[in-house]
2 protein chains.
Amino acid sequence: MRATWNLLEKSGGAGVRMSDIAKAAGISRQAVYLHFPTRAELLTSTARYMDDVHDIDGSLAASRAASGVERLDLWVEAWGNYIPKIHGVGRALIAMRDTDEAAAAAWGDRMQAVRHGCAAAIGALEKVDRLKAEFTSETATDLLWSILSVEMWEKLRFECGWSQEDYVLRMQRLTRNSLVG
Amino acid sequence: MRATWNLLEKSGGAGVRMSDIAKAAGISRQAVYLHFPTRAELLTSTARYMDDVHDIDGSLAASRAASGVERLDLWVEAWGNYIPKIHGVGRALIAMRDTDEAAAAAWGDRMQAVRHGCAAAIGALEKVDRLKAEFTSETATDLLWSILSVEMWEKLRFECGWSQEDYVLRMQRLTRNSLVG
DNA sequence: TCCTTTGCTTGACACCGTGTAAAGTTGACA
DNA sequence: TGTCAACTTTACACGGTGTCAAGCAAAGGA
């Protein structure tokens, strides 16, 4: 899993074959299949492993503790800064989605978890009556979740050349401007 | 190209093979290669063909004629309503990006054209001094372009279940709230 | 010491989809 | 009658995933 992680990180998630991973791990290609039945399984296991190492729960603690607009800000920051860490695996999983049912499900699950984070931030906003009137909590969550998607991050970071700091700052402003009333 | 179009439209852009297209067109798989050297070439030709049929220039005329905030609104509407028409081909091209250089370039080109549309809308906003002070025209264009990306449309339309009307309306509000001062 | 288990190795192969190649058919047109 | 263009069928190369089988080496218990 560490080999997978390394390769995906440096390649940005594309063009990493099972044989590359095996070579990097110092074992034969077949040996990889002794541990992980499919490529999708290897990727999702690696993702879980990365969550462990990065202590995702810990890094989201600050945002969970806050409330109202501050909570939104902290959530955007926390998740926004987590994206680059998982980006390699994410990209690989996203690429497999079209052809591989298991990959689609795995990535869908992870994104559903992110959606819960978004819903919680929106909930906090509603609690202090600062959610713009035009939104239901549902649609606001949809919007926040889409804005904070990995795809959008990729576009802004790589195609537009934004720095990570810029990204977080501007996403905080964007979400505040569009959701907070 | 019509066969390609049909298939990609009904499949949402995934899982359409050269042989499927050939069958749908009523010719052999090899005959397809007599007309289009590669899959990427077929897809991009189809995209151009669709632009022709849809008269993309015509449908953008209204937004080009307007100015200021109205121009932004009309641009969001025009492009937002064009996305579903090209979505099938777009998805297929996006999926090929990781492995196929030509597909990446073709899709990049098309998106660059969209970016010009975004830049023009931002320019119109600047001309009447309504672009929020926090933005350069560059970063505002980046943001508008990313918000109006096909990926974001997919997410809102399919994963969040928004209707096309909702999508356009809410994107108009979002862009106004976040860009117009 | 022998036997078994565990974790690997090598090598071969099936499947899929893209793309290439070659030889043959059909119909239009000069 | 001959030629050309569009197409057909058949076959194959390639790359990547996943499967299968036989074998090997080290650890550990009886």
Side-chain angles (χ1 to χ4, degrees), chain A residues 1-49 88-108, chain B residues 1-49 88-108:
Chain A
M1 293 188 292
R2 260 182 290 120
T4 306
W5 183 349
N6 286 339
L7 287 181
L8 288 177
E9 197 151 69
K10 84 176 59 164
S11 76
V16 174
R17 293 155 297 188
M18 294 299 269
S19 53
D20 297 326
I21 294 167
K23 193 183 292 178
I27 58 176
S28 69
R29 188 175 70 90
Q30 317 319 321
V32 177
Y33 285 101
L34 295 174
H35 297 276
F36 307 95
T38 66
R39 179 182 165 79
E41 194 64 39
L42 169 58
L43 291 178
T44 58
S45 296
T46 303
R48 271 193 295 275
Y49 169 62
V89 181
R91 190 91 277 290
L93 239 19
I94 289 172
M96 285 188 73
R97 259 198 315 197
D98 296 319
T99 52
D100 189 310
E101 195 51 50
W107 183 249
Chain B
M1 293 188 293
R2 260 183 291 118
T4 307
W5 184 349
N6 285 341
L7 287 182
L8 288 177
E9 198 151 68
K10 83 176 61 161
S11 77
V16 174
R17 292 156 297 187
M18 294 298 270
S19 53
D20 297 325
I21 294 168
K23 192 182 294 178
I27 60 178
S28 69
R29 189 173 70 90
Q30 318 320 319
V32 178
Y33 285 102
L34 295 173
H35 299 276
F36 307 94
T38 64
R39 178 181 165 79
E41 196 65 38
L42 168 59
L43 291 179
T44 59
S45 296
T46 303
R48 271 193 294 276
Y49 169 62
V89 182
R91 192 89 277 286
L93 238 20
I94 289 172
M96 285 188 73
R97 258 196 320 195
D98 295 320
T99 51
D100 189 311
E101 195 51 49
W107 183 248

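Just so it is clear, the values below take in all heavy atoms, side chains as well, and ignore hydrogens, waters and symmetry mates. Convention: sequence-line order gives letters A, B, ...; per-chain numbering from 1.
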Quiz item: Hey, does A/Leu8 have a side-chain heavy atom less than 4.5 Å from the side chain of A/Thr46?
Solution: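 Result no, sub-4.5 Å side-chain heavy-atom pair not found.
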What's the spacing between [X] [atom1] and [Y] [atom2] if we round to 0.5 Å?
X: B/Arg2; Y: B/Trp5; atom1: CZ; atom2: CH2; answer: 9.5 Å
X: A/Met1; Y: A/Ile21; atom1: CE; atom2: CD1; answer: 12.0 Å
X: A/Thr4; Y: A/Phe36; atom1: OG1; atom2: CZ; answer: 7.0 Å
X: B/Tyr33; Y: B/Met18; atom1: OH; atom2: CE; answer: 4.0 Å
X: A/Ser11; Y: B/Asp98; atom1: OG; atom2: CG; answer: 9.5 Å

Quiz prompt | Summary of salt bridge (charged side-chain N to carboxylate O under 4.0 Å, His left out) pairs that have at least one residue in residues 6-23 of chain B, sequence neighbours excluded | solution =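 Pairs touching residues 6-23 of chain B that pass the test: B/Arg17-B/Asp20.
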Practice problem: Return the residues of residues 8-21 of chain B meeting this criterion: a heavy atom under 4.0 Å from some atom of DNA chain C. Order them by number, or give none. | Solution: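 Correct list: B/Arg17, B/Met18.
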Quiz item: What parts of residues 88-108 of chain A reach DNA chain C, counting only heavy atoms under 4.0 Å away?
Solution: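 Going residue by residue through residues 88-108 of chain A, none turns out to have a heavy atom under 4.0 Å of DNA chain C.
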Quiz prompt | Sidechain-backbone polar pair: A/Ser45 side chain, A/Leu42 backbone, donor-acceptor under 3.5 Å | solution =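 Looks like no, no N/O pair under 3.5 Å.
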Quiz item: By side-chain contact (heavy atoms from CB on, under 4.5 Å), which residues pair with B/Ala102, not counting sequence neighbours?
Solution: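 Partners of B/Ala102 under the side-chain contact (heavy atoms from CB on, under 4.5 Å) test: B/Ala40, B/Asp100.
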Quiz prompt | Rounded interatomic separation in angstrom, taking OH from A/Tyr33 and P from D/dG16 | solution =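 Rounding to the nearest Å, OH of A/Tyr33 and P of D/dG16 are 12 Å apart.
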Quiz item: If you look at every heavy atom in B/Leu43 and B/Val89, which pair is closest and at what distance?
Solution: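 Taking B/Leu43 first and B/Val89 second, the nearest heavy atoms are O-CG1, 3.7 Å.
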Practice problem: Mind listing the closest non-hydrogen atom pair of A/Pro37 and A/Glu41 along with its distance? | Solution: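 It is CD-CG, 3.6 Å.
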Quiz item: Residues from residues 36-47 of chain B sitting under 4.0 Å of DNA chain D, heavy atoms only?
Solution: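 None, since no heavy atom is under 4.0 Å.
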Quiz item: For B/Arg97 and B/Ile94, what are the C-alpha separation, side-chain angles and deciding distance, and is it a side chain to side chain contact (heavy atoms under 4.5 Å, CB included)?
Solution: CA-CA 5 Å; B/Arg97 258 196 320 195; B/Ile94 289 172; 3.9 Å; yes
Self-check item: Reading 5' to 3' through nucleotides 4-9 of chain D, protein heavy-atom contacts under 4.0 Å coded B for base, S for sugar-phosphate only, - for none
Solution: ---BBB
